[in-house]
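Working notes, beginning with the structure itself.
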Amino acid sequence: MNNDANNSQQKQNPADTKPDVQEQVLNRLHKLEELEQAGQNPFWITTAEQTEHSKEIIENYAEFEGKNVSVAGRIMAKRGMGKVSFVDLQDRQGNIQIFTKFDALADEDYKAWQNLDIGDLISVKGEVFTTQKGEISIRNQGYQLLAKCLRPLPEKFHGLTDTDTRYRKRYLDLIVNPEIKEVFEKRSKIITTLRHELEELDFIEVETPLLNLIAGGAAARPFVTHHNTLDLSLFLRISPELYLKRLIVGGFEKVYEIGRNFRNEGMSTKHNPEFTMIELYQAYTDYNGMMEISEHLISTACMAVNGTLQIKFGEYELDLTPPFARMTMLEAIEKYTGIDFTKIEDDKTAQKIAEEKGIAELAAGKTRGEIINIFFEEFCEEHLIQPTFIYDYPIEISPLTKKKKSDPRMTERFEIFICGAEYGNAYSELNDPRDQHERFIEQQKQREAGDEEANIPDLDFVEALEYGLPPTGGLGIGIDRLVMLLTDSASIRDVLLFPTMRPLGNQIIENEVINQESAKPFDSITTNLDKTDLEQTDLEKNDLEKIDFGKLDFSKIKIEPLFEDMVDFETFSKSDFRVVKVLNCEEVPKSKKLLKFTLDDGSGNDRTILSGIKDYYKAEDLIGKTLIAITNLPERKMMGLPSQGMIISAVYEYDGEEGLDLLILDDDIPAGAKLY
RNA sequence: GAUCCAUUAGCUCAGCUGGCAGAGCACUUGACUCUUAAUCAAGGGGUCCUGGGUUCGAUCCCCAGAUGGAUCACCA
């Protein structure tokens, strides 16, 4: 084997930790090399003829029999029979058999044909006919290898069943389990149908920012990102709601957006950190109008992909024929618990009722409205199997929704429940800016009380309302869950082509760090740089005046003369050097040099230390790092802020300039560990 | 985050009171002119997820960890 082949293999699988290339891969590489040497490198081919697909030929056999066709696809199985052979060719529609006789091709071509492997991509030209055993086939009268498959495919009979691998290598899953394509074809069809129906209803599709200054419109924790030029923290949106309502203020009247939202929360069979929603807003209607649109969209989408409104979902038989059942939240609670909340007026009574129902803990300290919601979730949701609109929600959990005139403690909001799970959420949109402002303030209080998911006040949005939002109905439907429902899929990962996965191979990253370190002689103690920290480009991006150790000229380094005065061991051990974790790090306003560190020193109390190293490090890059600090220095104020100790750096002079490196430790060392 | 289960050849899976690691498919070589999970013969292929511990000896027992799944919790 020559070096080229080695290299190409390494490029194929940089993440492969196995030192030896598999035998089967080597075989395939050898075959590719032989072709290359014969001037037959398949990777030079740019186009192939494909006049028909497999299913078209098989389903319209009478029309195709005896005719010449060209097909293209992947070899999925080979069966040799001496001087004839059979190949199953897979294209986007399915499989068709290729029949090859030894004398139908030139000698060399037949030899090369026999050398093809399962997984190779080919095109074949030939006559459609039926074999003696009755299989519709194409008589191979000429073929081309279009791409060599260098790795063996999963087994033909059992396929790929390991769910982890199926999600991580979806392309393999699609090749070996082509039936899953149907789910994704249906997904596409569902979204197309929604677009089509909304276009019929005269909605326009819009796009609003994913990068938000304030991630609003829902109760959820956002992802944080950073814009370099503006030096600005931005949040990935959790909902497009507040932008879409601004567009209604602007006069669009009917808008919708289908797009990704990002919520920094747990993952489960029903939750993926990024997920697709449709949100739509229509002026001059309310939540009743949204119920009609909801029914219409869900049933039409179901009809489009299933051809019926009676569907199976898990163990349930569902009927999605409109109109869906309608029940207020209080009616549902009365139905399933016998409790009539219209007769319960205050928080204390509600808490007492909760106690009687055995959910005292959940209801402790909660308001009447919150307890109503808890009752609904605890006792009602699971019973709502057939599609049902649950409407009129407590105001506490609906900060963007119009109050009910008849009972201002409740709001004009509904959610769609099917099989005990929520599929959509809609309101009569709150358009009184004064009320909205108060609700934001209420949310802010909840935030300050520790609810990280309470809405962040968006005063720019309130200002938009001050110009007048017409009465408006708004609706959001989770597309992923709708696709799950309409394709009878148990997990959200089954309807996402590339679900979010935890990365494999911490060990790989560690190995890379070690390798890099051995190339960097001067880095003995900063052992736990992130992988990205090691990349030159990232150093440049950070625009740091750090010395490039790779090019360090040791003759230019000056260090402070060693101290001549000795200290005794007792004195030494009085200095309390501790391992600390950087909980937060931010620039001190107006200061040129100072960074303010909030540190975990293992004691349980946060420690604040100011350090004048802004020239060397960016504050946010240090968050989460493990450092060394001396913790028993007297407190002193810097820029008016108290500093409780010092963070330890290595300092030296390099080419006349001061060089400084924080001592960054391995993250496995616990906070509070004392240095001796 | 909690509990349970899983991780063995490229894939699907066996296996072992703790004693040199097994099958089918796939791969290599040979036979075969209509097969279709083709067949027949021979052969190659392993970090038994990782790290510790117990042991004369660990894939197996114990502890810790990684990844995935399920259930629960959290979460529109």
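What's counted below: heavy atoms across the whole structure, side chains too, no hydrogens, waters or symmetry copies. Sequence lines set the chain letters: A, B, ... in the order given, protein chains first and strands last, and positions in each chain run from 1.
Checked for salt-bridge contact, A:Lys148 and A:Glu36 miss the test: no charged N lies under 4.0 Å from a carboxylate O. Ion pair A:Arg368/A:Glu370 not flagged as a salt bridge, since none of the NZ, NE, NH1 or NH2 atoms sits closer than 4.0 Å to an Asp/Glu carboxylate oxygen. By the 4.0 Å N-to-carboxylate-O rule, A:Arg260 lies close enough to A:Glu274 to be salt-bridged with it.
Here the nucleotide nearest the side chain of A:Val84, chosen from B:rG69, B:rC11, B:rU33, is B:rU33. The side chain of A:Gln132 lies closest to B:rC34 when the candidates are B:rC34, B:rG68, B:rG24. The side chain of A:Pro152 approaches B:rA26 more closely than any other nucleotide in the set B:rA26, B:rC25, B:rC27. The A:Phe99 side chain lies nearest to B:rC34 when the options are B:rC34, B:rA26, B:rG69. Closest to the A:Glu23 side chain, of the nucleotides B:rG68, B:rG43, B:rU33, is B:rG43. Picking from B:rA37, B:rG69, B:rC11 the nucleotide with the shortest atom distance to the side chain of A:Thr163 gives B:rG69. When each of B:rG10, B:rC27, B:rG69 is scored by its nearest atom to the side-chain atoms of A:Ile118, the top-ranked nucleotide is B:rC27. Proximity note for A:Phe129 (side chain, C-beta onward) versus B:rG68, B:rG24, B:rC34: the nearest is B:rC34. The side chain of A:Phe102 sits closest to B:rU33 out of B:rG10, B:rC25, B:rU33.
Contacts of A:Arg413 with the nucleic acid, taken as non-hydrogen atoms under 4.0 Å apart, include base atoms. Within the 4.0 angstrom heavy-atom criterion, base atoms lie near A:Glu135. When heavy atoms are screened at a 4.0 angstrom cut-off, A:Gly80 is found touching base atoms of the nucleic acid. At a threshold of 4.0 angstrom between heavy atoms, the contacts of A:Asp162 are confined to the sugar-phosphate backbone, with no base atom among them. Within 4.0 Å of A:Phe376, counting heavy atoms only, lies no atom of the nucleic acid at all. Using a 4.0 Å heavy-atom distance criterion, A:Thr269 is classed as a sugar-phosphate-only contact. Nucleic acid contact for A:Thr131: base, since at least one base atom lies under 4.0 Å from a heavy atom of the residue. Looking at heavy-atom distances under 4.0 Å, A:Ala218 makes no contact with the nucleic acid at all. A:Ile397 comes within contact range of at least one nucleobase, with a heavy-atom separation under 4.0 Å. Nucleic acid contact class of A:Lys78 (heavy atoms, under 4.0 Å, all strands): none.
Remark: P of B:rU67 and CZ of A:Arg166 are 22 Å apart, rounded to the nearest angstrom. If you measure from atom CG of A:Leu362 to atom C1' of B:rC74, you get 12 Å, rounded to the nearest angstrom. Atom C1' of nucleotide B:rC27 and atom CG of A:Leu153 are separated by 13 Å, given to the nearest angstrom. Protein atom CE of A:Met81 is 11 Å distant from nucleotide atom C1' of B:rA31, rounded to whole Å. Taking atom CZ on A:Arg493 and atom P on B:rA70, their separation rounds to 8 Å, with Å as the unit. Taking atom CZ of residue A:Arg79 and atom P of nucleotide B:rA38, one finds them 5 Å apart after rounding to whole Å. Separating the CG atom of A:Asn27 from the C1' atom of B:rG44 is a distance of 10 Å, rounded to the nearest angstrom. Atoms CG (A:Leu26) and C1' (B:rG10) sit 13 Å apart, rounded to a whole Å.
Applying the Watson-Crick and G-U wobble criteria (two distances, each under 3.5 Å), B:rG30 pairs with B:rC40. Nucleotide B:rU55: unpaired (no Watson-Crick or G-U wobble partner with both distances less than 3.5 Å). The base-pairing partner of B:rA2, taking Watson-Crick or G-U wobble contacts with both distances under 3.5 Å, is B:rU71. When both pairing distances are held under 3.5 Å, B:rG45 makes no Watson-Crick or G-U pair with any nucleotide shown. Across the strands present, B:rC16 finds no partner; the criterion is a Watson-Crick or G-U wobble pair with both atom distances under 3.5 angstrom. Nucleotide B:rU7 is matched to B:rA66 when pairs are restricted to Watson-Crick or G-U wobble geometry with both distances under 3.5 angstrom.
If you take atom C1' in B:rC27 and the same atom in B:rA9, they sit 11 Å apart, rounded to whole Å. The gap from the C1' atom of B:rC49 to that of B:rU59 amounts to 11 Å, rounded to the nearest Å. Distance check on atom P: B:rC40 versus B:rG24 gives 10 Å, rounded to whole Å. For the P atoms, the distance from B:rA6 to B:rU36 is 38 Å, rounded to whole Å. With both ends at atom P, the span from B:rC5 to B:rC63 equals 12 Å, rounded to whole Å. Here the separation of B:rA26 from B:rG65, taken at their P atoms, is 42 Å to the nearest Å. Separation of the C1' atoms belonging to B:rU33 and B:rA37 is 22 Å when rounded to the nearest angstrom. Comparing the P positions of B:rC60 and B:rU55 gives an interatomic distance of 16 Å, to the nearest angstrom.
Of the side-chain N and O atoms in A:Lys101, none sit less than 4.0 angstrom from OP1 or OP2 of B:rC34. Between A:Thr161 and B:rC13 there is a side-chain N or O to OP1 or OP2 distance below 4.0 Å. The side chain of A:Lys31 places an N or O atom within less than 4.0 Å of a non-bridging phosphate oxygen (OP1 or OP2) of B:rU28. In this structure, A:Arg168 reaches the B:rG68 phosphate: one of its side-chain N or O atoms is under 4.0 Å from OP1 or OP2.
Aromatic ring centroids of A:Phe86 and A:Phe99 lie under 6.0 Å apart. Two rings, from A:Phe375 and A:Phe341, have their centers less than 6.0 Å apart. Outside the 6.0 Å centre-distance limit, the rings of A:Tyr427 and A:Tyr287 are not counted as a close aromatic pair.
A donor N or O paired with an acceptor N or O is not found under 3.5 Å between the base of B:rA26 and the side-chain atoms of A:Glu155.
Of the residues near RNA chain B, A:Glu415 and A:Thr165, the one whose nearest nucleotide (by heavy atom distance) lies more toward the 5' end is A:Thr165. Where A:Gln97 and A:Arg28 each meet RNA chain B at their nearest nucleotide, the meeting point lying more 5' is that of A:Arg28.
Between the side chain of A:Glu442 and the backbone N or O of A:Arg439 there is no donor-acceptor pair closer than 3.5 Å. A:Asp162 contributes a side-chain N or O that, together with a main-chain N or O of A:Thr165, makes up a donor-acceptor pair within less than 3.5 Å.
Between A:His383 and A:Tyr336, the angle of the ring planes stays under 30°, which puts this pair in the parallel group of the 30/60° scheme.
A:Ser54 and A:Asp91 share a donor-acceptor pair across their side chains, judged by distance under 3.5 Å alone.
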